[in-house]
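Note that the structure is predicted; figures quoted are calculated from it, not measured. Just so it is clear: chains get the letters A, B, ... in the order the sequence lines come, proteins before strands, and each one is counted from 1.
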Number of protein chains: 2
Amino acid sequence: MQRNTQQRAAIDRALAEADRPLSPREILEGARRSVPDIGIATVYRAIKDLLAEQRVVAVDVPGAPPRYEAAGKPHHHHFLCRQCDRMIDLPGCPGQLSRLAPPGFSVENHELTLIGRCPDCAAPKTRRPRKQPARK
Amino acid sequence: MQRNTQQRAAIDRALAEADRPLSPREILEGARRSVPDIGIATVYRAIKDLLAEQRVVAVDVPGAPPRYEAAGKPHHHHFLCRQCDRMIDLPGCPGQLSRLAPPGFSVENHELTLIGRCPDCAAPKTRRPRKQPARK
DNA sequence: GTACTAATGACAATATCTTCTCAATAACGA
DNA sequence: TCGTTATTGAGAAGATATTGTCATTAGTAC
């Protein structure tokens, strides 16, 4: 039987508060605000369960492992900031994207990511720190 | 001084003949038609050099490592067949994609991939084999 | 409060992709 | 043809992300 642990609650809270796709590490950091000693394995276990329950969806990231956000949002796409590495929801979809495919292709889905600088990083005064290069 | 080896020529040929983004493994298989004993390390070394010379570009693949195709083509996007796993060029771009981003975002680039079945796999008679599950 | 056991944290183990090492080979200028 | 050395193939090693193991902890029914 499934138990309501503080760790699961902290992970739910982190995902809800962010309202954007988070990497497992970002989920970990968010959850640590509630449960400082939570471990990364617990985050991966929770992601697996949440995906199975369809309470979160995986979001593909160009050139990186997927991130995860709450399921049930209307169809939308994402912006990836190449400075702070955060992924942010963009409302809406241009539509008609399937028309790019010539006849004979069966289009079932599409992935669209805009890449650049988010408002925080584009503004010269309030820069967020650059993404940390992977720890050695 | 750079030498013109059979291996490099085979890799160039594989990329040119495919005219679509290839994974390192696909490049290896293509090149082996010319040089049967070529190794994967040689393919990675060639990719690195070709990227530095800007003779090929990396193409991001949702949920997989990047593939590589000849540089210099007009702006275009790609189709990913979820059955045979091939990536295929699509001509053109819907345009105006930057408009999805609210004011404040600085959009520098975009990635668009349509996903589904390519004509070969969608047609019931001439199915290509499914992607091989990664070798054990 | 107790007993049962799901869930956890730490870290080992996988899995996958890419790069490095090095002896052997082959491209090419002389 | 010969000598030099860039390039190669094979396998080891590295890098990173994810999952497995297991003793311990903590939800929950009673």
- Query: A:L51 has an atom CG; how far is it from atom C1' of D:dT18, in whole Å?
  - Reply: 13 Å
- Query: Once you round to the nearest 0.5 Å, how far does OH of A:Y68 lie from OG of A:S23?
  - Reply: 9.5 Å
- Task: For B:E29, enumerate each residue passing the side chain to side chain contact (heavy atoms under 4.5 Å, CB included) test, keeping only those at least two apart in sequence or located in another chain.
- Result: B:R25
- Query: Who passes side chain to side chain contact (heavy atoms under 4.5 Å, CB included) against A:E108, sequence neighbours left out?
  - Reply: A:S106, B:R82, B:R117
- Message: Please report the distance, rounded to the nearest Å, between CZ in A:R25 and C1' in D:dT16.
- Response: 11 Å
- Query: Closer than 4.0 Å, any side-chain N/O of A:Y44 to the OP1 or OP2 of D:dT19?
  - Reply: no
- Query: Does OP1 or OP2 of D:dT8 have a side-chain N or O of B:R8 closer than 4.0 Å?
  - Reply: yes
- Query: How long is the line joining CD of A:E26 and P of D:dA17, in whole Å?
  - Reply: 12 Å
- Note on the structure: Applying salt bridge (Lys or Arg N to Asp or Glu O under 4.0 Å) to B:R20 and not counting sequence neighbours gives B:E26
- Which nucleotide sits closest to the side chain of A:P24: D:dG9, D:dT18, C:dT8? D:dT18
- With sequence neighbours excluded, residues passing ring-ring contact (aromatic ring centres under 6.0 Å, His included) with B:H110: B:H75, B:H77
- Message: So that I can tick it off, tell me whether A:D60 and A:R67 are bridged by a salt bridge, with the cut-off set at under 4.0 angstrom between side-chain N and carboxylate O.
- Response: no
- Message: In this structure, how many angstroms lie between the C1' atom of D:dT18 and the CZ atom of A:R67, rounded?
- Response: 16 Å
- Rounded to the Å, how far apart are B:L28 CG and C:dT19 C1'? 16 Å
- Query: In whole angstroms, how far is the P atom of D:dG14 from the CD1 atom of B:I40?
  - Reply: 20 Å
- Item | Selected nucleotide, minimal atom distance to B:I38 side chain, candidates D:dG9, C:dT18, C:dC20 | D:dG9
- Per-nt protein contacts along nucleotides 21-30 of chain D (heavy atom under 4.0 Å; B base, S backbone sugar-phosphate only, - none) come out as B----BBS--
- Atom-to-atom span, CG of A:D49 to C1' of D:dT19 - whole angstrom: 13 Å
- Task: Report the distance from atom CG of B:L50 to atom P of D:dT7, rounded to the nearest whole Å.
- Result: 12 Å
Atom pairs and distances, side-chain donor-acceptor, residues 3-10 of chain A, under 3.5 Å, sequence neighbours left out:
residue	atom	partner	partner atom	Å
A:T5	OG1	A:R8	N	3.1
A:R8	NH1	A:D49	OD2	3.1
A:R8	NH2	A:D49	OD2	3.1

